[in-house]
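Taking it in order: structure first as structure tokens, then the write-up.
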2 protein chains.
Amino acid sequence: MAEQSETLDAVFQALADPTRRAILSRLGQGPASVGELAAPHDMALTSFMKHLKILERSGWIVSAKTGRVRTCAIVTDRFADVGAWVYGHRSLWEG
Amino acid sequence: MAEQSETLDAVFQALADPTRRAILSRLGQGPASVGELAAPHDMALTSFMKHLKILERSGWIVSAKTGRVRTCAIVTDRFADVGAWVYGHRSLWEG
DNA sequence: GGATTGCTCAGCCATATGGCTTAGTATGGT
DNA sequence: ACCATACTAAGCCATATGGCTGAGCAATCC
């Protein structure tokens, strides 16, 4: 945690799209290639790639290329960032 | 909770800006007028109002006008929405 | 009544987002 | 060698975002 405002902007921005939240849910079950991730989404691959770039830029995922396949994996730290922000306002929804 | 994708988009989108997160933190301490909320932010009032509109549209705040003063208050349900999303992926950051 | 306060409305501007297409590169299979 | 696969790169388009200015309007104060 201990994230700066700028980073938190990107972390939340990344979550503000259903495609990207779906990608994260999928990656929660384990790493996957770009093609595997894209398959369920009715969208041009280049459009889909932009979402992956946003997720990677914001630190939600990491990826590495092996041969011609790029494999993506989720970075769980970001959940802690979001959780920390919510927890920081716990007095509002507890008492 | 039990939010739809479209709503969740707006909930997260609203958090993707430091001004808006600051507003929510301030409102966490109790209701405030538009002027009180705007004071700490070095920004034209009309620009600031757009942030309030986004927060209201996304369900993070409610507001009502009495005389010429509009008073804003936070809606704590939204914290539950965010918390529910994070909690839905708890297996990733617990084990 | 007139001035001040506290918003509110309309619209301009630069940049970002989220989709698309078309074309290109590099790897792996036969 | 050739072809298919899996991305990748470049750029177009419509709309949204986040800032601004200038003008207005209703409520309160003196």
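Given the structure is predicted, the values throughout are model-derived calculations rather than measurements. All chains are named by letter (A, B, ...) in the order of the sequence lines, taking the proteins before the strands, and each is independently numbered beginning at 1.
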Check the distance between [N]'s [atom2] and [X]'s [atom1] and give it to me in whole angstrom.
X       : N      : atom1 : atom2 : answer
B:Asp9  : D:dT17 : CG    : P     : 11 Å
A:Asp17 : C:dT17 : CG    : C1'   : 9 Å
B:His51 : D:dT17 : NE2   : P     : 11 Å
A:Lys50 : C:dG18 : NZ    : C1'   : 7 Å
B:Phe12 : D:dT17 : CZ    : C1'   : 19 Å
A:Leu52 : D:dA9  : CG    : C1'   : 15 Å

So [Y] and [X], do their side chains get closer than 4.5 Å, heavy atoms only?
X       : Y       : value
A:Arg26 : A:His41 : no
A:Cys72 : A:Val62 : no
A:Leu45 : A:Val34 : yes

Can you find a side-chain donor-acceptor pair between B:Glu56 and B:Ser63 that sits under 3.5 Å?
yes
Out of C:dG18, D:dA6, C:dC7, minimum distance to the side chain of A:Val69 belongs to D:dA6
Just by modelled atom types, is the [Y] backbone N or O under 3.5 Å from a matching donor or acceptor in the [X] side chain?
X       : Y       : result
A:Trp60 : A:Val11 : yes
B:Arg20 : B:Ala14 : yes
A:Ser47 : A:Met43 : no

When you measure from the side-chain N and O atoms of A:Lys53 to the phosphate of D:dT8, is any distance below 4.0 Å, counting only OP1 and OP2? no
Contact check, residues 35-49 of chain A vs DNA chain D, heavy-atom distance under 4.0 Å, returns A:Gly35, A:Leu45, A:Thr46, A:Met49
Restricting both atoms to N or O, compile the protein contacts to nucleotides 24-30 of chain D shorter than 3.5 Å, with distance only.
residue : atom : partner : partner atom : Å
D:dA27  : N3   : B:Arg68 : NH1          : 2.9

Taking for B:Ser33 and for A:Ala16 the nucleotide of DNA chain C with the nearest heavy atom, the one nearer the 5' end belongs to B:Ser33
Mind running side-chain contact (heavy atoms from CB on, under 4.5 Å) on B:Phe48 and B:Ile23 for me, showing each step along the way? CA-CA 10 Å; B:Phe48 184 80; B:Ile23 293 170; 3.6 Å; yes
Closest non-hydrogen contact found for A:Gly28 with A:Ile74 is N-CD1, 4.4 Å
